[in-house]
Chemist: 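Before I ask anything, let me first share the structure, which is written out below as structure tokens.
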Amino acid sequence: MKCVVAGGNVKVLGKAVHSLSRIGDELYLEPLEDGLSLRTVNSSRSAYACFLFAPLFFQLYQVATPGQDTLRCKILMKSFLSVFRSLVMLEKTVEKCCISMNGRSSRLVVQLHCKYGL
């Protein structure tokens, strides 16, 4: 799975992650044909929230390469939230965000590409 979030949409993605962090401690990422699903559930399983970002939200959205199974990922919210720490700074400095998931190496990579090549 590979997706690229451009400019102002990075802040929208960050706000969604901040909202989900108020509900649960774990974030479930699931790339679907309909878009990228971000989900969480609280510890007592009494509250659930889901954001589905359509493929048009992304500059590039690739669910899986041919011959590859679709992937799911569960990550601690604190780990993922640290990427989107300051929403104001994201809006001012980040040009795009690349999220990729590799099933063979069990790796989720979130890269922030900032202005001026930083």
Side-chain angles (χ1 to χ4, degrees):
M1 188 270 314
K2 183 173 183 173
C3 59
V4 177
V5 183
N9 288 349
V10 176
K11 185 177 179 182
V12 174
L13 182 64
K15 283 185 175 184
V17 172
H18 277 269
S19 298
L20 291 172
S21 71
R22 294 176 177 253
I23 296 172
D25 295 331
E26 295 175 334
L27 180 68
Y28 299 87
L29 282 95
E30 187 175 3
L32 305 168
E33 292 294 327
D34 297 337
L36 181 65
S37 169
L38 301 178
R39 302 174 186 181
T40 191
V41 63
N42 69 351
S43 59
S44 64
R45 305 239 182 243
S46 62
Y48 168 83
C50 175
F51 285 97
L52 180 64
F53 294 99
L56 291 175
F57 178 79
F58 302 98
Q59 213 173 24
L60 167 72
Y61 184 74
Q62 185 179 37
V63 177
T65 57
Q68 183 184 18
D69 294 333
T70 57
L71 303 170
R72 292 186 206 160
C73 176
K74 177 174 82 168
I75 187 169
L76 284 175
M77 188 66 77
K78 283 186 178 183
S79 301
F80 201 76
L81 194 60
S82 66
V83 176
F84 301 100
R85 208 171 332 165
S86 173
L87 295 176
V88 175
M89 290 303 290
L90 283 176
E91 186 178 30
K92 291 180 181 177
T93 61
V94 176
E95 284 184 344
K96 66 180 178 178
C97 173
C98 298
I99 302 171
S100 60
M101 203 180 318
N102 189 339
R104 283 185 228 131
S105 62
S106 298
R107 184 174 294 196
L108 173 70
V109 178
V110 180
Q111 293 177 325
L112 297 177
H113 295 269
C114 298
K115 294 179 181 175
Y116 312 113
L118 296 175

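Just so you know, residue 1 is the first one in the sequence shown, and it goes up from there. Every heavy atom of this structure was used, including side-chain atoms; hydrogens, water molecules and symmetry mates were not. Just so it is clear, the model here is predicted, and its values are computed rather than measured.
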Chemist: Tell me the closest heavy-atom pair linking M101 and C73, and the distance in Å.
Modeler: SD-CB, 3.6 Å

Chemist: Roughly how far apart are L27 CG and L81 CG, rounded to 0.5 Å?
Modeler: 9.5 Å

Chemist: At what distance, to the nearest 0.5 angstrom, does SG of C98 lie from CG of L112?
Modeler: 9.0 Å

Chemist: Is it the case that the side chain of R22 and the backbone of S19 share a donor-acceptor pair, with hydrogens and angles ignored and the cut-off at 3.5 Å?
Modeler: no

Chemist: What closest approach, in Å, do L71 and N102 show between heavy atoms, and which atom pair accounts for it?
Modeler: CD1-C, 4.1 Å

Chemist: Going by the angle between their ring planes, with limits at 30° and 60°, are Y61 and F58 parallel, tilted or perpendicular?
Modeler: parallel

Chemist: When hydrophobic residues are tied together by side-chain contacts of less than 4.5 Å, even through go-betweens, does I75 share a cluster with M1?
Modeler: yes

Chemist: Flag yes if M77 and V41 sit in one hydrophobic cluster, no otherwise; membership is Ile, Leu, Val, Met, Phe, Trp, Tyr, and two members link when side-chain heavy atoms are under 4.5 Å apart.
Modeler: no

Chemist: Quick one: closest heavy-atom pair of S37 and L32, and the distance?
Modeler: CB-CD1, 4.0 Å

Chemist: So, applying side chain to side chain contact (heavy atoms under 4.5 Å, CB included) with K2, which one of L60, V63, I99 is it?
Modeler: L60

Chemist: Do the side chain of K115 and the main chain of K92 share a donor and acceptor less than 3.5 angstrom apart?
Modeler: yes

Chemist: So how far is it from C97 SG to K11 NZ, rounded to the nearest 0.5 Å?
Modeler: 15.5 Å

Chemist: Hey, what's the ring geometry for F51 with F53, parallel, tilted or perpendicular (30° and 60° as the breaks)?
Modeler: parallel

Chemist: Taking NZ, NE, NH1 and NH2 as the nitrogens, is one of them in R72 or E30 under 4.0 Å from a carboxylate oxygen of the other?
Modeler: yes

Chemist: Transitively linked via ILVMFWY side-chain contacts under 4.5 Å: V5 with L108?
Modeler: yes

Chemist: From L29 CG over to K74 NZ, what is the distance, rounded to the nearest 0.5 angstrom?
Modeler: 12.5 Å

Chemist: Work out which heavy atom in F84 is nearest to a heavy atom in H18; give both atom names and the distance.
Modeler: O-NE2, 2.7 Å

Chemist: Within a radius of less than 6.0 Å around CG of N42, do more than 12 heavy atoms belonging to other residues, nucleotides or ligands occur?
Modeler: yes

Chemist: Among the clusters formed by ILVMFWY side chains lying less than 4.5 Å apart, do V94 and V4 turn up in the same one?
Modeler: no

Chemist: Taking F57 as the starting point, is it possible to reach L36 by hopping between hydrophobic residues whose side chains are less than 4.5 Å apart?
Modeler: yes

Chemist: Identify the heavy atoms of G24 and T40 that sit nearest to each other, and give their distance.
Modeler: CA-OG1, 3.2 Å

Chemist: Look up atom NE2 in H113 and atom CD in E95, then write down how far apart they are to the nearest 0.5 Å.
Modeler: 9.5 Å

Chemist: For the residue pair L20 and C50, what are the closest heavy atoms and their distance?
Modeler: CD2-N, 4.4 Å

